[in-house]
Amino acid sequence: MQYDEPYQSVESSEKGIRMQDGIILTTVDEFLNWGRKNSLWPMTFGLACCAIEMMATGASKYDLERFGCGAFMATPRRADLMIVAGTVTLKMATRIETLFSQMPEPKYVISMGSCANKGGPYWQHGYHVLKGVDEIVPVDVYVPGCPPRPEALLDGFITLQKKIANERLLRDKWVANV
Amino acid sequence: MNDSFVTNGWPMFSTYTDSINKMIPEAKAIYELREVGDTPIDIEAESVHPVCQHLKTQFGFHVLEVITGCDYPDRIEVSYILANFTDNQEVILKTKLSRENPVVDSVSDIWSSANFQERECFDMLGVHFNNHPDPRRILCPDDWEGFPLRKDYKTQERYRHMIVNPESKMNIEDREFANKQKALEAKQKALEKTKADAMAEPKKVAEIVEDKKDDQGEKS
Amino acid sequence: MNENFSNQEKLKTDLLTINMGPQHPATHGVLRVEIKTDSEIVVQAIPHIGYLHRCFEKHAENLDYRGIIPFVDRMDYLAAMSMEWGYVLAVEKMLKTEIPLRAEYIRVLVCELQRIASHLMFFGTYLIDLGAFSPFLYAFQKREWILRLFEELSGARLLYNYIWIGGVWNDITDQQLKGIEKFCHEMDLEIAKYHKLVSGNSILINRLKNVGVMDQNLCFDYGLTGPILRAAGVKWDLRKNRPYSIYDKFNFEIPVGEGFKGTLGDCYDRYMVRMLEMEESLKIIRQCLEGIEAGDIQAKVAKNIKLPAGEIYSKSECPRGELGYHLISDGGKTPYRLKIKSSCFTHVSALPAVAAGQLIADFVATIGSIDIVLGEVDR
């Protein structure tokens, strides 16, 4: 009968191993990067209008949870990713520095929206607006838009995942084939 | 556009000013009906508190909507906009303060909504309110220098360790390029105009000659 | 026993200062509230704002009248159409322009749909604050339909730049109008579903009744307007008491709080008033769809708009309260001074008055029920 063996053996075409034995051959870098990029937990850091689009990305139509970042952590101590969504003012900038330093390594920053990229529409006469969050925090991915569509944020997120997939453990972090 | 509010009863300016001048003569309330927009009632700065108290008790203006300020070259004008929801009335009071020392009494003991409004007026324009329960900045940080909505305000270069307007993000080359292009186009237009005038001059001479011939023709 | 008693008397207690900081999941943006508590009971709450101060009024002094419209809708980003309409009303009153009837109908249609979208957002996020996650997903499903329609009309999902001086920018097609009719029918069923799922829930009622009572005197003293004032029992709505545009042609009710489950003016009343307002907006939309006719959508306005010298204070009814624009013009191309009276700024000032004596969890429910948007508070 068909059900003699409890599991059907699956031949992996790439490496020719039998998956049923529970053995995978890979490099440490790839394994760590696979774990990190598929479970990025963002910190709830919505400042202004872009925060609403971030919430819409997390809702059911443009689901962000299928990329692994379902758990929006309120505390920075448990978060991997800070999506700076909205205008950064000078009063808030000191707090952003504190929050970024409270996040444990490895940590990543996505700058979402025109205000976080370069000051946005307030660049000309904004005396209280910080012209871009990269003045205080190192940014990995910039997502343009005012506000960016949820698909644009997802595209930025996937770009960050590709960037993480190219990290190297023993060499410099960002020196890799992108 | 519907103006049913106007027909229901436009703010009763003369009633208010007469009553104010009767009870508080040093207020010197006057108004001048304007064709466009709203008409404010001007009062003296020292009598702001008694006038507001009188309007609240006598005419039932139980809601203070907003306290704004505006900076002019020789004065600062502070406006108080009061509303009465039961009788559907609204009035704008205006006072003039000097630019060097803008001081006025606080009305936060009459309406509690004045608390935040006066703090914002102080933060943006530098108007000091006497007897305010919490006189500090509200929108800008506590160690901010200057009053932003004054016309002579210059953005400060640095705030703590951050540069407010970094050169690389101010897009100066694009702005200067646009201005240069405009200047070039204006020069070219002026050149073309002078050329066109030069071309037109022989025509003008010919016209003058023809006119002379016609005159001679008529004469003859 | 006596020894234990004397030991307890020697214990010294003090108030604990907790910072509900600018980054917090339940403050709806960057609001910082400094709470002094005695164990779990709030004794004093001091709000600190200004973390989103984007210098809008300085921009308004340097931009021409048309160029201010995109900045205006970034203030209350959840009700952008209402903000634009309020500003455009002030400018048009000074210019004394006649708006074509079709443009007025489209404006009312779009603003009432925006009101429904804003109240859906309130519904979703308020219930997240209280601990329920599924209503957020239901609310956003319906909101996505409205945003899709706005995207077809104006090109953007959230910040539209659609209502211009003199009319609207883009016309609405018959197919879109039919879609709105279908949406109204579906929305009725949805609201019935929300009432069944949430409004009768005993956990919600026990959390919200008799919490954060804002009665009529407090509302007048602090200048609170909009759903908060209506939940306190005062029937004041600018669409009925000071009708602007074509609101006097429509037949709709003003829902007022009655102490549905607890005291008059508590959090449950404010929640219920917003749910009932959604149903009234659907009535207005249906009447709009019947009355709209073909015509122009834009009046003739000069290319370089220059307002005559003078000032005006014009008010309109936003989903969060009354929005006022105090515009002072000196006859030039840009306003001399544009001051926005935002309802949320005054609502935040009332928080210290209702905070004393509540539990911290009740305080979170109160903040959520006044429905503030920090973009409008800080401008």
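The chains referred to below are lettered A, B, ... by the order of the sequence lines, with proteins before strands, and numbering in each begins at 1.
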Requested in this report: Any chance you could lay out the side-chain contact (heavy atoms from CB on, under 4.5 Å) test for B:Val66 and C:His326, step after step, and finish with the verdict?
Outcome: CA-CA 9 Å; B:Val66 66; C:His326 186 229; 5.6 Å; no
Requested in this report: Determine, step by step, whether B:Glu77 and C:Glu311 satisfy the side-chain contact (heavy atoms from CB on, under 4.5 Å) criterion, reporting the C-alpha distance in whole Å, the side-chain angles of both residues, the deciding distance to 0.1 Å, and the verdict.
Outcome: CA-CA 13 Å; B:Glu77 283 189 0; C:Glu311 68 179 274; 5.7 Å; no
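Interface check for chain C: of the options B:Gly69, B:Ala83, B:Ser112, the most heavy-atom pairs under 4.5 Å are formed by B:Ser112. Annotation: maximal heavy-atom pairing with chain B below 4.5 Å, among C:His48, C:Glu61, C:Lys315, occurs at C:Lys315.
Closest heavy-atom contact between B:Cys140 and C:His53: SG-CD2, 4.2 Å. Of all the heavy atoms in B:Leu139 and C:Val377, the pair that sits closest is CD2-O, 4.4 Å. Nearest approach of B:Tyr72 to C:Ile328, heavy atoms of both residues: OH-CG2, 3.7 Å. When all heavy atoms of C:Gly223 and B:Ser113 are compared, the pair lying nearest together is N-CB, 4.2 Å. C:Lys96 and B:Glu35 make their closest contact through NZ-O, 3.2 Å (heavy atoms, listed as atom of the first residue, atom of the second, distance). Residues B:Arg150 and C:Lys58 share a closest heavy-atom pair of O-NZ, 3.3 Å.
Side-chain atoms of C:Tyr313 and B:Glu90 include no donor-acceptor pair closer than 3.5 Å.
Both the backbone and the side chain of B:Ile138 come within less than 4.5 Å of a heavy atom of chain C. With a threshold of 4.5 angstrom between heavy atoms, B:Ser79 approaches chain C through side-chain atoms but not through N, CA, C or O. Proximity to chain C (any heavy atom under 4.5 Å) is restricted, for B:Ile92, to the side chain, taken from C-beta onward. Using a 4.5 Å cut-off between heavy atoms, C:Ile46 contacts chain B through its side chain alone, with no backbone atom that close. Residue contact with chain B, scored on non-hydrogen atoms closer than 4.5 Å, involves the side chain of C:Thr225 exclusively. Contacts of C:Ile49 with chain B are made by both backbone and side-chain atoms, with heavy-atom separations under 4.5 Å. When heavy atoms are compared at a cutoff of 4.5 Å, C:Leu229 approaches chain B solely by way of its side chain, counted from C-beta outward. For B:Pro40, the part sitting under 4.5 Å from any heavy atom of chain C is the side chain, from C-beta outward, and nothing else.
Taking non-hydrogen atoms and a 4.5 Å limit, the residue list of residues 117-124 of chain B in contact with chain C, ordered by number, reads B:Gln117, B:Glu120, B:Met124. Scanning residues 337-346 of chain C against chain B with a 4.5 Å non-hydrogen threshold yields C:Arg337, C:Lys339, C:Lys341, C:Phe345, C:Thr346, sorted by number.
Few gaps surround NZ on B:Lys151; more than 12 heavy atoms of other groups in view lie less than 6.0 Å from it. Around the CD atom of B:Glu32, the shell of radius 6.0 Å holds no more than 12 heavy atoms that belong to other residues, nucleotides or ligands.
The shortest distance between side-chain heavy atoms of B:Val36 and C:Pro308 falls below 4.5 Å.
B:Phe85 and C:Phe220 have perpendicular rings, their planes meeting at more than 60° on a 0 to 90° scale where under 30° would count as parallel.
Formation of a donor-acceptor pair under 3.5 Å by the B:Asn88 side chain with backbone atoms of C:Asn241 is found in this model.
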